[in-house]
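These notes are about the structure you will find just below.
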Amino acid sequence: MSPVGTRPRSPLPLRDMADTRTLLVEAVRRALDGMGVDASFEVVVERSARPEFGDWSSPAALGLARILRRAPAAIAAELTESLEAARVSRVRAWTVTPPGYVNAHLDDRTWTEAVLGSATDLEATGSDDLPKDAAAAAGKTLVEHTATNPNKAAHIGHLRNACIGDTVARVLRRTGHTVEVNNYIDDTGVQVADVVVGIRELGIEQQPGEPFDQYCSRVYIAVSARYQSDPALLEQRRAVLREVEEGGNETAVFVKDVARRIVNAHLATMRRFDIAYDLLTWESDIIGLGFWRQAFELLRESEAIVFVESGKLAGCWVMPAEGNDDEGDDDTKVLVKSDGIATYTAKDIAYQLWKFGLLGRDFFYVPWEGNPTLMTTSALPQQGASTSHFGHAQRVINVIDARQAYPQRVVQRALRRLHHKREADNSIHLSYEVVALTPAAAAELGVAIEEGRDSVALSGRRGIEVRADDLLDRAIARLTANARDAAGATVVAAGAVRYYLLKFSLNQIIAFDFDEALRVTGDTGVYLQYAHARAAGILRKVSDDGQSIEVPSELHPAERELLHSIEAYSRALTETALALSPSLLTTYAFGLASAFSDFYEHTPAVVREEDAAMRRYRRALVAATRATLADALHTLGMAAPDQV
RNA sequence: GGCCCCGUAGCUCAGUGGAUAGAGCGGCGGUUUCCUAAACCGUGCGCGCAGGUUCGAUUCCUGCCGGGGCUACCA
């Protein structure tokens with residue numbers, strides 16, 4: 001591990017990060033002001049399509065042709081003249097290319113000095129160097145992720161959720177946000193009840209050495225199958241759920257204990273991927289502390305929910321469709337079943353109200369199983385103080401797969417009906433698509449593929465899954481052959497799996513394939529970490545002589561691209577934070593690693609550079625790359641090893 | 001039926017209202033007296049279809065086609 005890896009992440013020093021693109025946008029803006037162009041005209045500046053055009057180009061003149069009723073080329077010429085007169089820093093020359101692009105050619109010396117300086121700042125950033133942007137003033141963002149049902153081992157679908165949530169939290173923290181991460185434990189739901197029924201009724205024994213979560217997975221599959229042949233068993237499930245809802249009985253204690261042991265297994269699994277939480281929130285505590293009762297009263301008083309007297313929903317409390325029109329029963333959500341038990345969505349509404357501090361109630365909090373950095377909610381006042389820094393968020397991000405879009409809309413609707421419009425608007429369902437198995441992966445698992453389909457959905461209930469721990473173990477095994485040591489293989493393997501699950505767009509279904517997930521070449525986490533190790537290797541061999549850096553007047557094309565990529569980091573980070581989309585950052589990081597590999601292969605070896613000034617400059621370029629890549633890797637939740 | 005997502009190269013996927021749409025994998029052919037070859041280089045006429053908006057659309061809008069999901073007194 002790099003020493004940088006152990007340093008706590010601190011926000012970017014945004015005030016000194018004026019990147020070249022921003023300077024150019026401002027310069028073009030000023031020039032257009034002088035030409036009488038309205039301030040509402042959006043100035044676009046982007047990387048030039050081809051190197052011979054320059055470094056940065058703006059199509060502003062194209063869009064202005066119609067507005068100014070002049071030829072684009074003429075506008076571009078005038079714009080260029082104005083820009084030349086303004087003597088924009090870092091720009092060596094302005095050119096125009098048909099049909100009217102204005103191109104900036106950078107002054108390599110001043111531009112490079114600025115980029116290397118920023119990257120050095122990146123490395124030197126201290127924790128007291130707080131950003132001054134609006135993001136930090138926005139208050140706390142609460143991120144809920146993982147929330148795996150506590151009844152089975154975590155599989156790659158759960159791991160995708162956790163990697164997305166953990167990375168989003170890291171990106172937000174890196175860009176100056178205050179973040180609280182919750183992991184919600186649904187310990188009063190059907191799934192955990194199923195396992196309890198199975199343990200009690202099926203007589204399945206835990207094998208010697210078998211992890212508890214894997215044992216429960218077996219029980220879960222078995223009991224699910226048994227329901228088909230023995231529907232009477234479903235009555236057992238109902239009984240368990242009833243007793244859990246009532247609490248204070250032997251079954252409730254047993255369920256809680258099963259959940260506790262599974263949660264520990266999940267925490268251990270996620271820990272292997274460097275995923276951690278601030279707070280475990282238990283559904284049973286939401287019930288036990290009367291959160292739902294309170295939420296129910298609020299909803300009833302504001303008439304957001306109504307009691308159904310007749311029809312197929314007779315005896316239920318429901319939230320009617322938006323706008324109380326005649327959309328039909330389609331959009332009517334049952335919150336309290338006719339047997340008096342609240343649905344999952346109902347409890348989620350209470351939880352969401354708590355997240356914003358709108359419930360007027362709070363949990364009690366205690367450390368989780370002696371863990372000093374992880375807290376858990378509690379319903380028992382004698383165990384802890386009720387005053388806490390948890391909850392009371394200004395923004396809530398729920399990382400939940402796309403299949404739950406509807407219930408998430410219901411939660412938002414509930415906030416609106418309670419006249420919490422701002423909180424409803426700040427309730428973000430960070431939706432992502434599921435992980436499915438390719439035919440090849442299904443075949444490897446011995447799972448039949450349905451006629452006419454090209455993928456198989458994961459199903460813990462049916463045992464169609466790839467366990468997160470198993471995937472990591474396979475990745476470790478794959479990497480151990482080439483790794484320096486076992487610890488190195490573990491770190492790289494975890495990063496590789498994380499990268500694989502993060503690089504897809506959120507609304508893209510991951511077609512999971514073993515060969516693809518375990519590959520160690522090409523667009524993989526291994527490639528990024530290898531690039532970092534190469535850079536670190538150079539820095540080990542070429543020491544910093546402490547003298548000031550002289551940038552050559554002309555750059556090698558590979559150096560130029562590398563500098564552009566380094567400079568783009570700040571923007572990649574802020575855009576990732578804005579879009580809440582980790583794949584933007586993986587794409588960026590791969591681009592940076594590629595640019596460095598290109599530099600490495602196509603320019604002379606830095607360690608053999610004879611000229612001291614040149615060696616100093618090129619070392620600084622490598623150092624800037626390493627610092628930037630390490631920062632990106634850590635923000636993605638990956639290690640930045642100095643050697644692999 | 002209604003709502004949501006997807007459709008880009010053989011495969012898996014990026015990408016953007018702007019100039020000649022990219023990467024990885026697979027295939028074929030190369031690179032190692034040189035900082036780690038987990039690397040690099042060469043080899044590719046592909047934005048589902050049809051309209052519309054625009055100076056400019058793969059990107060925005062509408063319709064259609066194909067695939068997936070949601071629409072439970074499950075979570």
Could you tell me whether Asn103(A) contacts a base, only the sugar-phosphate backbone, or nothing, with contacts defined as non-hydrogen atoms closer than 4.0 Å? base
Nucleotide-level pairing of RNA chain B, given in dot-bracket where Watson-Crick and G-U pairs need both distances under 3.5 Å and | marks other strands: (((((((..((((....[...)))).(((((.......)))))....(((((..]....))))))))))))....
Between Ser57(A) and Asn103(A), a side-chain donor and acceptor under 3.5 Å: yes
If you assign each of Leu506(A) and Arg534(A) to its closest nucleotide in RNA chain B, which residue comes earlier from the 5' end? Leu506(A)
Pair Asp339(A)-Arg242(A), salt bridge (charged side-chain N to carboxylate O under 4.0 Å, His left out): steps then yes or no: CA-CA 9 Å; Asp339(A) 62 4; Arg242(A) 207 157 38 233; over 6 Å; no
Asp515(A) near the nucleic acid: base, sugar-phosphate alone, or nothing, with a heavy-atom cut-off under 4.0 Å? nothing
Apply the test ring-ring contact (aromatic ring centres under 6.0 Å, His included) to residues Tyr351(A) and Phe291(A): give CA-CA distance (whole Å), side-chain angles for both, the deciding distance (0.1 Å), then the verdict. CA-CA 8 Å; Tyr351(A) 183 25; Phe291(A) 280 24; 8.7 Å; no
Specify the separation, in whole Å, of atom NE2 of His532(A) and atom P of A39(B). 17 Å
So what does Ala436(A) touch, heavy atoms closer than 4.0 Å: a base, only the sugar-phosphate, or nothing? nothing
Please classify the nucleic acid contact of Val644(A) as base, sugar-phosphate, or nothing, using heavy-atom distances under 4.0 Å. base
Roughly how many Å apart are A57(B) and G17(B), using the C1' atom of each and rounding to a whole number? 7 Å
Expressed as a whole number of Å, how far does the P atom of C11(B) sit from that of C45(B)? 15 Å
For nucleotides 73-75 of chain B, give me every protein contact, N/O to N/O, under 3.5 Å, one pair per line with atom names.
unit_1	atom_1	unit_2	atom_2	d
C73(B)	O2	Ser338(A)	N	2.7
C73(B)	O2	Ser338(A)	OG	2.8
C73(B)	N3	Ser338(A)	OG	2.7
C73(B)	N4	Lys312(A)	O	3.0
C74(B)	OP2	Lys337(A)	NZ	3.0
A75(B)	OP2	Tyr344(A)	N	3.1
A75(B)	O3'	Asp186(A)	OD1	3.4
A75(B)	O3'	Asp186(A)	OD2	2.1
A75(B)	O2'	Asn149(A)	ND2	3.4
A75(B)	O2'	Asp186(A)	OD2	3.3

Is there a donor and acceptor pair closer than 3.5 Å between the side chain of Thr97(A) and the base of A19(B)? yes
For residues 512-521 of chain A, pull every pair meeting side chain to side chain donor-acceptor pair (under 3.5 Å), keeping only residues two or more places apart or in separate chains. Thr438(A)-Asp513(A), Glu516(A)-Arg519(A)
Taking the same atom, C1', in G44(B) and in U8(B), what whole-Å distance lies between them? 14 Å
Please name all residues satisfying ring pair (Phe, Tyr, Trp, His ring centres under 6.0 Å) with Phe307(A), sequence neighbours left out, ordered by chain then number. Trp317(A)
Gly460(A) and Ile221(A): which non-hydrogen atoms are nearest, and at how many Å? O-CG1, 3.5 Å
Row check, Tyr432(A) ring normal vs Arg160(A) NZ/CZ: under 6.0 Å, within 45°: no
Steps toward salt bridge (charged side-chain N to carboxylate O under 4.0 Å, His left out) verdict (Asp642(A), Arg540(A)): CA-CA 9 Å; Asp642(A) 285 344; Arg540(A) 264 199 309 278; 5.3 Å; no
All ring pair (Phe, Tyr, Trp, His ring centres under 6.0 Å) counterparts of His266(A), not counting sequence neighbours: none
Side-chain donor-acceptor contact under 3.5 Å, Glu283(A) with Thr188(A): yes
What are the atom names and distances for every N/O pair under 3.5 Å that joins the protein to nucleotides 8-13 of chain B?
unit_1	atom_1	unit_2	atom_2	d
C13(B)	OP1	Ile509(A)	O	3.2
C13(B)	OP1	Ala511(A)	N	3.3

Sequence neighbours excluded, which residues qualify as salt bridge (Lys or Arg N to Asp or Glu O under 4.0 Å) partners of Arg619(A)? none
Interatomic distance, Ile75(A) CD1 vs C55(B) C1' [rounded to whole Å]: 11 Å
What is the distance, rounded to the nearest whole Å, between atom CG of Asn507(A) and atom P of C3(B)? 19 Å
Does a side-chain N or O of Thr521(A) approach OP1 or OP2 of C25(B) to a distance below 4.0 Å, or not? yes
What is the separation between atom CZ on Arg519(A) and atom C1' on A38(B), rounded to the nearest whole Å? 11 Å
With sequence neighbours excluded, tell me which residues meet side-chain hydrogen bond (donor to acceptor under 3.5 Å, both in side chains) with Lys503(A). none
Roughly how far apart, to the nearest Å, are A19(B) and U58(B) at atom C1'? 15 Å
Distance, rounded to the nearest Å, where Glu601(A) contributes CD and G30(B) contributes C1': 14 Å
Can you pull out the residues from residues 579-590 of chain A that lie within a 4.0 Å heavy-atom distance of RNA chain B? Leu584(A), Thr587(A), Phe590(A)
Can you tell me the distance, in whole Å, between the CH2 atom of Trp56(A) and the P atom of A19(B)? 15 Å
Gap between atoms OH and P, on Tyr432(A) and G69(B) respectively (whole Å): 16 Å
Qualifying residues under ring pair (Phe, Tyr, Trp, His ring centres under 6.0 Å), relative to Tyr499(A), sequence neighbours excluded: none
Map Asp454(A) and Phe599(A) onto RNA chain B by nearest heavy atom, then report which one ends up closer to the 5' terminus. Phe599(A)
Can you check whether any acceptor in the base of A19(B) is under 3.5 Å from a donor in the side chain of Ser57(A), or vice versa? yes
Separation of atom CZ in Arg453(A) from atom P in G66(B), rounded to whole Å: 16 Å
Using the C1' atom as the reference point in each nucleotide, state the distance between G24(B) and A39(B) in Å, no decimals. 14 Å
C1'-based separation of G10(B) from G63(B) [nearest Å]: 31 Å
Can you tell me which nucleotide in C35(B), C5(B), C40(B) comes closest to the side chain of Ile538(A)? C35(B)
Applying a 4.0 Å non-hydrogen cut-off, can you work out what Thr603(A) is touching in the nucleic acid: base, sugar-phosphate, or nothing? base
Side chain of Asp523(A): nearest nucleotide among C35(B), C5(B), G24(B)? G24(B)
With sequence neighbours left out, what residues match Tyr617(A) under side-chain hydrogen bond (donor to acceptor under 3.5 Å, both in side chains)? Glu559(A)
Name the one of His145(A), His429(A), Gln352(A) that satisfies side-chain hydrogen bond (donor to acceptor under 3.5 Å, both in side chains) with Asn398(A)? Gln352(A)
Who passes ring pair (Phe, Tyr, Trp, His ring centres under 6.0 Å) against Tyr220(A), sequence neighbours left out? none
Which nucleotide wins on minimum distance to the side chain of Lys541(A), given the candidates C35(B), C55(B), A39(B)? C35(B)
